[in-house]
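What follows is a short report on a single structure.
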2 protein chains.
Amino acid sequence: MRWEPGTPRRLQEAALRLFATRGFEQTTAGDIADAAGVTERTFYRHFTDKREVLFFGQESLLDAFLTGVTSAPAAASPLEIVAAALHSAASFFPDERRSFARTRASIIEHNPALQEREQHKLSNIAAQVATALRERGVAEPAATLAAQTGSTVFHIAFAQWIKPGEHRELADIAADVFAQLETLISAPA
Amino acid sequence: MRWEPGTPRRLQEAALRLFATRGFEQTTAGDIADAAGVTERTFYRHFTDKREVLFFGQESLLDAFLTGVTSAPAAASPLEIVAAALHSAASFFPDERRSFARTRASIIEHNPALQEREQHKLSNIAAQVATALRERGVAEPAATLAAQTGSTVFHIAFAQWIKPGEHRELADIAADVFAQLETLISAPA
DNA sequence: GTCTATAGTGCGATAGAC
DNA sequence: GTCTATCGCACTATAGAC
């Protein structure tokens with residue numbers, strides 16, 4: 001075999017290591033490629049830009065959300081559908097991933113450009129969930145409202161999930177946050 | 001006088017014109033600088049990067065949100081505070097700005113990198129509103145939840161405000177969307 | 001794989017305002 | 001004289017074109 005398999009994975013691992021030690025800006029695409037034993041050109045064949053290497057493997061998160069939407073019972077309210085999507089998405093972050101997620105989050109936290117990309121990805125997921133809701137007959141602006149709200153809950157729950165000392169499962173945290181949202185909005189002033 | 005005043009404004013106007021006709025990627029920082037009668041280096045003294053030129057003048061939007069938060073009555077619920085912030089922010093987009101907002105939005109719509117920046121700005125505002133809520137005694141995760149929800153409502157309302165044929169004021173649209181959110185979440189399944 | 005345009009930074013020089 | 005905006009040039013890294 002001419003190349004080692006799993007080049008994207010190796011690039012991601014190398015990138016994570018280098019970003020964590022040296023910082024994102026202080027690491028060039030060439031550095032990452034070298035560490036993974038390929039050329040800079042190869043790095044850019046796998047990732048459209050330097051930031052994208054941190055998002056490898058996240059494609060299936062969207063699928064998880066969408067599967068949750070489509071598999072919700074026909075009688076479910078928009079909010080119930082979103083809750084189902086949230087639950088489905090949460091199962092894509094089992095406890096084994098927590099350590100990786102923490103390292104990754106700390107890298108992103110220290111770089112605005114990476115935060116932009118992360119928010120954009122999440123925003124895209126929300127937009128697709130909104131589309132899926134519309135396909136289930138939910139009208140606008142309810143569809144976008146529900147999808148964005150779900151994205152917000154997910155984001156908050158995820159941030160809690162990776163906090164030091166936190167051991168609960170993501171799905172449980174998400175359910176808690178979701179309940180708090182309902183209290184917040186439904187509660188009388 | 002050696003330099004014309006208002007260099008940032010002129011750069012923004014030139015950029016808007018060029019981006020709208022030629023496209024964002026097809027316009028170099030040098031092109032914009034030339035059109036505004038300065039050098040490329042001067043462009044970068046006013047804006048940290050090429051995208052930032054589209055966000056000049058938006059600094060005060062954050063202030064509007066924050067003013068809304070702090071000026072809400074002491075007895076207001078988190079959601080009522082957010083509604084006040086929303087109303088305050090809406091007043092920063094009088095009808096005269098609609099045309100500019102439409103041009104700007106159409107440029108951003110056609111470029112992912114600009115969408116990232118836009119989302120990041122909005123996300124920053126939400127984060128600061130959350131901080132302001134915390135300073136008013138709202139606990140987490142309610143503060144972040146309320147702030148993010150407000151940001152979502154604003155975003156949806158703004159998108160509607162700039163739609164062709166839409167003539168209502170932003171504040172009215174925002175109030176509508178806000179009401180829909182309450183229905184969506186409080187409604188029984 | 002190589003070649004190149006462009007983004008973005010660092011720094012010294014200059015020109016006017018005060 | 002100081003302060004600030006501009007210029008001009010050299011430079012690296014990204015990312016796309018060939």
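Below, chains carry the letters A, B, ... as their sequence lines are ordered, and counting in each starts from 1.
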_Could you tell me how far apart B:Ile32 (CD1) and C:dG8 (P) are, to the nearest whole angstrom?_
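Rounded to whole Å, this separation is 10 Å.
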_d(CZ, B:Arg45; P, C:dA13) in whole Å_ =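 Distance check: B:Arg45 CZ to C:dA13 P gives 16 Å.
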Sequence neighbours excluded, every pair satisfying salt bridge (Lys or Arg N to Asp or Glu O under 4.0 Å) that has a member inside [range]:
range: residues 87-100 of chain B; answer: B:Asp95-B:Arg98
range: residues 99-117 of chain B; answer: A:Arg51-B:Glu116, A:Glu116-B:Arg117, A:Arg117-B:Glu116, B:Asp49-B:Arg117, B:Glu52-B:Arg117, B:Arg104-B:Glu118
range: residues 151-175 of chain B; answer: B:Glu166-B:Arg168, B:Arg168-B:Asp176

Please tabulate, for side-chain N and O atoms in residues 32-47 of chain B, each donor-acceptor pair with protein atoms closer than 3.5 Å (sequence neighbours left out).
from, atom 1, to, atom 2, distance (Å)
B:Thr39, OG1, B:Thr42, N, 3.4
B:Thr39, OG1, B:Thr42, OG1, 3.3

Could you list the donor-acceptor pairs under 3.5 angstrom formed by side chains in residues 124-133 of chain B, with sequence neighbours left out?
from, atom 1, to, atom 2, distance (Å)
B:Thr131, OG1, B:Ala127, O, 3.1

Output a table of donor-acceptor pairs, distance under 3.5 Å, between side-chain atoms of residues 151-159 of chain B and any protein atom two or more places apart or on a different chain; print 'none' if there are none.
from, atom 1, to, atom 2, distance (Å)
B:Thr152, OG1, B:Gln148, O, 3.1

_Strictly below 4.0 Å: does B:His46 bring a side-chain N or O up to OP1 or OP2 of D:dA5?_
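No, no such contact exists.
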*asked:* Check this one for me: any side-chain N or O of B:Thr42 less than 4.0 Å away from OP1 or OP2 of D:dA5?
replied: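 Indeed not, no polar side-chain atom of B:Thr42 lies that close.
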*asked:* Please report the end-to-end axis angle for the helix from C:dG1-D:dC18 to C:dC18-D:dG1, five pairs per end, rounded to 10 degrees.
replied: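 Computed angle between terminal axes is 20°.
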Ignoring hydrogens and angles, write down the donor-acceptor pairs under 3.5 Å from the side chains of residues 139-147 of chain B, residues two or more places apart or on other chains.
from, atom 1, to, atom 2, distance (Å)
B:Glu140, OE1, B:Thr144, N, 3.2
B:Glu140, OE1, B:Thr144, OG1, 2.9
B:Glu140, OE2, B:Arg134, NE, 2.7
B:Glu140, OE2, B:Arg134, NH2, 3.3
B:Glu140, OE2, B:Thr144, OG1, 2.9

*Taking all non-hydrogen atoms of both residues, which atom of A:Ser123 and which atom of B:Gln119 are closest, and how far apart?*
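A:Ser123 and B:Gln119 have their closest heavy atoms at OG-NE2, 3.1 Å.
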_Does the protein touch nucleotides 10-18 of chain D at the base, only the backbone, or not at all? Give it as B, S and - per nucleotide, heavy atoms under 4.0 Å._
---SBBSBB
